[in-house]
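Quantities reported herein were computed from a predicted structural model and do not represent experimental measurements. Position 1 is the first residue of the sequence, and the numbers go up from there.
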Amino acid sequence: MVISILTRKTRIKDRDLWEAALGKVLPKINGLLQGEAEFVSVQYAWGAEDNGEFAQITTWKTLDGCRAYVRGGGAATVATLEDAAVPTASHPDGAWVRKTFEALA
């Protein structure tokens, strides 16, 4: 399994507002992700320091499946939906960072 963690900060600093805004687009995001080859799951996490940071954590069957999602435009489509719902913080706080890991069996 491959886990991809995308982090960024949003302008929204209140967790309840973030959850409500993200919740409006999650059905569409889930639908897009489920259409991706080798997609397993998605989870969102709110930063423990309550500073607007959050993570999108996706799990994939293989690294190639994750790469296809990122390079094939699926990730950009999901990012557009996310950013419309929970706008990215101003530069430099709004930097998007993706890290990918292979999970232990």
Which heavy atom of [X] sits nearest to which heavy atom of [Y], and what is that distance?
X: Leu22; Y: Glu82; value: CD1-CG, 4.4 Å
X: Arg98; Y: Ser4; value: NH1-OG, 2.8 Å
X: Ala85; Y: Ile12; value: O-CD1, 4.1 Å
X: Thr62; Y: Val2; value: C-CG2, 3.6 Å

Going only through I, L, V, M, F, W and Y residues with side-chain contacts under 4.5 Å, is there a path from [X] to [Y]?
X: Phe101; Y: Ile57; answer: yes
X: Ile3; Y: Phe39; answer: no
X: Tyr69; Y: Leu26; answer: yes
X: Ile5; Y: Val86; answer: no

Between Trp60 and Thr58, is a side-chain hydrogen bond (donor to acceptor under 3.5 Å, both in side chains) present by the stated rule, with each step listed? CA-CA 7 Å; Trp60 304 87; Thr58 52; 2.9 Å; yes

Quiz: residues 14-21 side-chain donor-acceptor pairs under 3.5 angstrom, not counting sequence neighbours:
residue : atom : partner : partner atom : Å
Asp14   : OD1  : Asp16   : N            : 3.0
Asp14   : OD1  : Leu17   : N            : 2.9
Arg15   : NE   : Glu19   : OE2          : 2.9

Short question: side chain of [X], backbone of [Y] - any donor-acceptor pair under 3.5 Å?
X: Arg8; Y: Gly94; answer: no
X: Thr10; Y: Pro87; answer: yes
X: Gln56; Y: Tyr44; answer: no

Drop me the distance from [X]'s [atom1] to [Y]'s [atom2], to the nearest 0.5 angstrom.
X: Cys66; Y: Glu36; atom1: SG; atom2: CD; answer: 10.0 Å
X: Lys9; Y: Ser90; atom1: NZ; atom2: OG; answer: 11.5 Å
X: Thr100; Y: Leu63; atom1: OG1; atom2: CG; answer: 7.0 Å
X: Leu32; Y: Leu81; atom1: CG; atom2: CG; answer: 6.0 Å

Above 12 or not: heavy atoms from other molecules or residues under 6.0 Å from NZ of Lys61? no

Quick one, Phe54 and Thr7 - any side-chain contact, counting heavy atoms below 4.5 Å? no

Run Val40 and Met1 through side chain to side chain contact (heavy atoms under 4.5 Å, CB included) and show every step you take. CA-CA 9 Å; Val40 176; Met1 291 289 191; 3.9 Å; yes

Under a 3.5 Å cutoff, is there a donor and acceptor pairing between the side chains of Asp50 and Trp46? yes

Just jot down the salt bridge (Lys or Arg N to Asp or Glu O under 4.0 Å) partners of Asp93, sequence neighbours excluded, or say none. none

